[in-house]
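Have a look at the structure below before the remarks.
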Amino acid sequence: MKTDEFKTQIYQLLSNIPPGKVTSYGRLARMAGHPGRARMVGSLLKQLPAGSTLPWFRVLTASGKPAFAPGTESFERQRALLAREGVTFSASHKVSAEHWWQQA
DNA sequence: TAATTGACCGGAG
DNA sequence: ACTCCGGCCAATT
């Protein structure tokens, strides 16, 4: 079980999330067969190569909100990208359950 | 080499 | 619904 395999798994899953859908760090980790490694998923997304086309913005915390503090640049960027796909936030910055990705 | 730091999570209070 | 806490473990100090 190498770290590289975990990374590959996560990247694979991430690329499978369709536009307009979202999931959480923890769920991705669990889908990859590594429950409890949510932080590693966050670490991977943080270190994504500059030119990557992976939809990092479709990943939220388990509570359904972005991992960034409201008002920060990253937060606004994520909100804009999701809005472009029809995913809107509630007043408390939470994404409604109907947008959550259900594995095919 | 050791300590600290996170784009996290679930349970408990 | 919200805060606190312990577990998580690679990357960074």
Every protein N/O lying under 3.5 Å from an N/O of nucleotides 11-13 of chain C:
none

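- To the nearest angstrom, P of C/dC9 lies 14 Å from CD1 of A/Ile10.
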Pairs: protein N or O with nucleotides 10-13 of chain B N or O, under 3.5 Å:
residue, atom, partner, partner atom, Å
B/dG10, OP1, A/Arg30, NH2, 3.4

List the atom pairs, with distances to 0.1 Å, where a side-chain N or O of residues 42-54 of chain A and a protein N or O form a donor-acceptor pair under 3.5 Å, not counting sequence neighbours.
residue, atom, partner, partner atom, Å
A/Ser43, OG, A/Gln47, NE2, 3.0
A/Ser52, OG, A/Leu54, N, 3.1

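- In this structure, A/Arg37 reaches the C/dC9 phosphate: one of its side-chain N or O atoms is under 4.0 Å from OP1 or OP2.
- Atom C1' of nucleotide B/dG6 and atom CE of A/Met40 are separated by 8 Å, given to the nearest angstrom.
- Rounded to an integer number of Å, the gap from A/His34 NE2 to C/dA10 P is 11 Å.
- Between the OH atom of A/Tyr25 and the P atom of C/dA10 there is a distance of 19 Å, given to the nearest Å.
- Listed by chain and residue number, nothing satisfies the salt bridge (Lys or Arg N to Asp or Glu O under 4.0 Å) test with A/Arg39 (two or more places apart in sequence, or in another chain).
- For the contact set between residues 64-98 of chain A and DNA chain B, defined by any heavy atom under 4.0 Å, the members are A/Ala67, A/Phe68.
- A distance of 14.5 Å separates CZ of A/Arg37 from CG of A/Leu28, quoted to the nearest 0.5 Å.
- The nearest whole Å value for the distance from the CG atom in A/Leu44 to the P atom in C/dC9 is 14 Å.
- Partners of A/Ser24 by side-chain contact (heavy atoms from CB on, under 4.5 Å), not counting sequence neighbours, listed by chain and number: A/Arg27, A/Trp100.
- Judged as a side-chain hydrogen bond (donor to acceptor under 3.5 Å, both in side chains), and not counting sequence neighbours, the contacts of A/Glu76 are A/Arg79.
- Taking every side-chain heavy atom of A/Thr61 into account, B/dC8 is the closest of B/dG6, B/dC8, B/dA7.
- Looking at residues two or more places apart in sequence or on another chain, you find a side-chain hydrogen bond (donor to acceptor under 3.5 Å, both in side chains) between A/Ser96 and A/His99.
- When side chains are defined from C-beta on, A/Trp101 does not count as touching A/Val22, because their heavy atoms never get closer than 4.5 Å.
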Under 3.5 Å, N/O pairs linking protein and nucleotides 3-7 of chain C:
residue, atom, partner, partner atom, Å
C/dG7, O6, A/Arg39, NH1, 3.2

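- The residue A/Ser24 sits close only to the backbone: its heavy atoms come under 4.0 Å of sugar-phosphate atoms, none of a base.
- Residues meeting the side-chain hydrogen bond (donor to acceptor under 3.5 Å, both in side chains) test with A/Ser15, sequence neighbours left out: none.
- Here the side chains of A/Phe89 and A/Phe75 are in contact, with some heavy-atom distance below 4.5 Å.
- Rounded to a whole Å, the CG atom of A/Leu45 is 10 Å from the P atom of B/dC8.
- Put simply, the side chain of A/His34 does not reach to within 4.5 Å of the side chain of A/Ile10, judged on heavy atoms.
- Nearest heavy-atom pair, A/Ala32 versus A/Phe6, reported as atom, atom and distance to 0.1 Å: CB-CE1, 4.3 Å.
- Partners of A/Thr88 under the side-chain contact (heavy atoms from CB on, under 4.5 Å) rule, at least two apart in sequence or in another chain, do not exist in this structure.
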For residues 55-68 of chain A, please give each side-chain donor-acceptor pair under 3.5 Å, one per line with the distance, not counting sequence neighbours.
residue, atom, partner, partner atom, Å
A/Arg58, NE, A/Glu85, OE1, 3.1
A/Arg58, NE, A/Glu85, OE2, 3.3
A/Arg58, NH1, A/Ile17, O, 2.6
A/Arg58, NH2, A/Glu85, OE2, 2.6
A/Thr61, OG1, A/Ser63, N, 3.4
A/Thr61, OG1, A/Ser63, OG, 2.9
A/Thr61, OG1, A/Lys65, O, 3.0

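- With no hydrogens or angles considered, a side-chain donor-acceptor pair links A/Ser92 and A/Ser90 at under 3.5 Å.
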